[in-house]
Chemist: 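Shown below is the structure under consideration.
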Protein chains: 2
Amino acid sequence: MRWLNAEEQQVWRAFMTAVTKFTDHLDRQLQRDSGMPMAYYEILVALSEAPGRALRMSELASVCHSSRSRLSHAVARLEKEGWVERRACPSDRRGSIAALTEIGFGVLEAAAAGHVTAVREHLFDVLTPAQLRSLAEISRAVDAGLTTECANVRREEFADL
Amino acid sequence: MRWLNAEEQQVWRAFMTAVTKFTDHLDRQLQRDSGMPMAYYEILVALSEAPGRALRMSELASVCHSSRSRLSHAVARLEKEGWVERRACPSDRRGSIAALTEIGFGVLEAAAAGHVTAVREHLFDVLTPAQLRSLAEISRAVDAGLTTECANVRREEFADL
DNA sequence: CGGCCGTTGTTGAACCTTCAACCAGGATGC
DNA sequence: GCATCCTGGTTGAAGGTTCAACAACGGCCG
């Protein structure tokens with residue numbers, strides 16, 4: 001078992017502190033100004049960018065990195081607000097399609113300005129161009145590490161079959 | 001209103017994807033292997049490092065970047081598990097002190113190994129030393145941007161008094 | 001066709017977080 | 001001393017997430 005040395009500890013804590021404070025800030029901003037948490041905002045964004053502003057639940061889940069259960073609950077709420085509506089899927093009778101309504105699109109447009117401003121103010125404006133490039137690389141590396149990990153887990157699961 | 005250009009969008013999405021997947025992974029690991037979410041783990045860590053393994057609630061809240069309400073609920077749960085106990089504060093009769101129990105310390109020790117392994121595996125092992133230094137700088141910059149922001153908000157609030 | 005398995009999506013319970021309201025105790029000013 | 005305000009901490013309700021269980025459908029192979 002290899003523990004973190006002093007320097008690693010510092011990086012780790014600085015990172016976690018920044019991330020929690022940052023996401024907390026964004027979440028609060030959206031909740032306050034637009035009445036939805038960031039996860040719900042991401043759902044609306046994903047739908048708005050899809051062809052026909054509609055997606056099957058499972059695709060939406062994978063785009064948003066959300067579990068199907070979470071998405072199901074979330075869409076139920078968004079539907080109650082009238083921002084999203086559910087349709088039957090013509091090609092697969094199990095399927096369900098979530099579609100952004102006009103009202104939902106308007107709400108998203110209204111929410112976007114404040115959200116983007118917050119992101120710019122607390123991320124892009126406090127970092128140099130070099131740091132931004134570095135952050136992109138770092139993010140991709142971490143992401144890749146997590147995806148291959150999942151693949152490895154699967155490999156292990158099936159190793160003895 | 002200045003939107004994000006294509007390059008900024010890429011950085012932003014890569015970053016959010018990495019962060020959500022990474023924290024999700026850590027949270028799930030801790031929940032599965034030790035029966036607590038990461039926020040609760042952080043509370044135990046903070047207490048274990050405090051003199052006498054005890055802290056006043058408000059100090060604990062600030063160390064953990066948690067709201068007092070959240071901490072109160074969390075400590076209630078930790079107390080029910082027998083991992084933490086509450087004591088009266090001698091110097092301030094409003095105060096409440098959370099103290100790590102022996103059992104709690106043992107649980108923390110048991111949880112730490114798996115958690116640190118996960119952090120090392122998905123953060124330190126996938127980044128180069130230069131990237132780690134860069135990540136530390138970036139984190140500090142973002143953190144600083146958020147703290148001065150709060151100060152600014154306060155200044156605005158009281159500007160006309 | 002019929003059985004079996006994997007996938008899709010939903011549901012309810014348990015848990016965590018947030019928010020607003022609140023009580024109790026310190027601190028300040030008169 | 002007392003009114004006022006601020007701080008420390010808790011509480012309950014409302015909302016969000018997770019997990020396990022489930023129903024319904026598609027795909028595959030005999």
Chemist: Go through the N and O atoms of the side chain of A:Arg70 and the base of D:dT17, and report whether any donor-acceptor pair is under 3.5 Å.
Modeler: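 There is none.
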Chemist: For a quick test of reading the model: is some side-chain N or O of B:Ser69 closer than 4.0 Å to OP1 or OP2 of C:dT17?
Modeler: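 Answer no for this pair, as no side-chain N or O of B:Ser69 is under 4.0 Å from OP1 or OP2.
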Chemist: Relative to the 5' end of DNA chain C, which residue comes earlier, A:Gln31 or B:Arg77, by the nucleotide with the nearest heavy atom?
Modeler: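 Comparing both residues, the 5'-ward one is B:Arg77.
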Chemist: Return yes if the base of C:dG25 and the side-chain atoms of B:Arg93 contain a donor-acceptor N/O pair under 3.5 Å, otherwise no.
Modeler: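 No such pair is found, so the answer is no.
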Chemist: Rounded to whole Å, how long is the line connecting atom CG of B:Asp92 with atom P of D:dT7?
Modeler: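 In whole Å, D:dT7 P and B:Asp92 CG are 13 Å from each other.
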Chemist: Using whole Å, report how far CG of A:Leu30 lies from P of C:dT17.
Modeler: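 To the nearest whole Å, that distance equals 20 Å.
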Chemist: With a distance cut-off below 6.0 Å to the six-membered ring centre and an angular limit of 45° from the axis, does B:Arg77 pair with B:Tyr40 as a cation-pi contact?
Modeler: no
Chemist: Contact class for B:Ser72 (heavy atom, under 4.0 Å): base, sugar-phosphate, or nothing?
Modeler: base
Chemist: Expressed in angstrom and rounded to an integer, what is the separation of A:Arg87 atom CZ from C:dG9 atom P?
Modeler: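 Distance, rounded to whole Å: 15 Å.
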Chemist: Quick one: does B:Asp143's side chain have a donor or acceptor within less than 3.5 Å of a partner on A:Ala18's backbone?
Modeler: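 Judged by distance alone, no pair lies under 3.5 Å.
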Chemist: If you pin A:Asp24 and A:Ala76 to their nearest nucleotides in DNA chain C, which one's is more 5'?
Modeler: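 In this pair, the answer is A:Ala76.
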Chemist: Measure distances between side-chain N and O atoms of B:His73 and base N and O atoms of D:dG9, and say whether any donor-acceptor pair falls under 3.5 Å.
Modeler: no
Chemist: Nearest whole angstrom, please: distance from the C1' of D:dC19 to the CG of A:Leu71.
Modeler: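 Whole-Å distance recorded here is 16 Å.
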Chemist: A:Ile97 CD1 to D:dC25 P: how many Å, rounded?
Modeler: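 To the nearest whole Å, that distance equals 16 Å.
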Chemist: Ignoring hydrogens and angles, does a donor from either the side chain of A:Arg68 or the base of C:dG9 sit under 3.5 Å from an acceptor on the other?
Modeler: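 When only heavy-atom distances are counted, A:Arg68 does reach the base of C:dG9 through a donor-acceptor pair under 3.5 Å.
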Chemist: Looking only at side-chain N and O atoms, does A:Arg28 come under 4.0 Å of OP1 or OP2 in C:dC19?
Modeler: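 Checking C:dC19 against A:Arg28, a side-chain N or O does come within under 4.0 Å of OP1 or OP2.
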Chemist: Look only at the side chain of A:His25 and the backbone of A:Lys21, and say whether a donor-acceptor pair between them is shorter than 3.5 Å.
Modeler: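 Answer holds: no.
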Chemist: Between A:Ser67 and D:dC19, is there a side-chain N or O to OP1/OP2 distance below 4.0 Å?
Modeler: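 So the side chain of A:Ser67 is outside the cut-off, no N or O lying under 4.0 Å from OP1 or OP2 of D:dC19.
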Chemist: In whole angstroms, how far is the C1' atom of C:dG9 from the CD atom of A:Glu79?
Modeler: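 Value for this atom pair: 13 Å.
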Chemist: Counting any heavy atom closer than 4.0 Å, what does B:Arg86 reach on the DNA or RNA strands: base, sugar-phosphate only, or nothing?
Modeler: sugar-phosphate
Chemist: Between A:Arg13 and B:Glu42, does any side-chain N to carboxylate O distance fall below 4.0 Å?
Modeler: no
Chemist: State whether A:Arg56 places a side-chain N or O below 4.0 Å from either non-bridging phosphate oxygen (OP1 or OP2) of C:dT8.
Modeler: no
Chemist: Do B:His122 and B:Phe22 have ring centres separated by under 6.0 Å?
Modeler: no
Chemist: With a 4.0 Å cut-off on heavy atoms, is A:Ala39 in touch with a base, just the backbone sugar-phosphate, or nothing at all?
Modeler: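 Since only primed, P, OP1 and OP2 atoms lie under 4.0 Å of A:Ala39, the category is sugar-phosphate.
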Chemist: A:Arg94 CZ to D:dC25 P: how many Å, rounded?
Modeler: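 So the two atoms are 10 Å apart, to the nearest Å.
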Chemist: Measure the distance from CG on B:Leu78 to P on D:dT10 and round it to the nearest whole Å.
Modeler: 13 Å
Chemist: If you pin B:Met57 and A:Ala74 to their nearest nucleotides in DNA chain D, which one's is more 5'?
Modeler: B:Met57
Chemist: Answer whether the closest heavy-atom distance between the side chains of A:Val84 and A:Thr101 falls below 4.5 Å.
Modeler: no
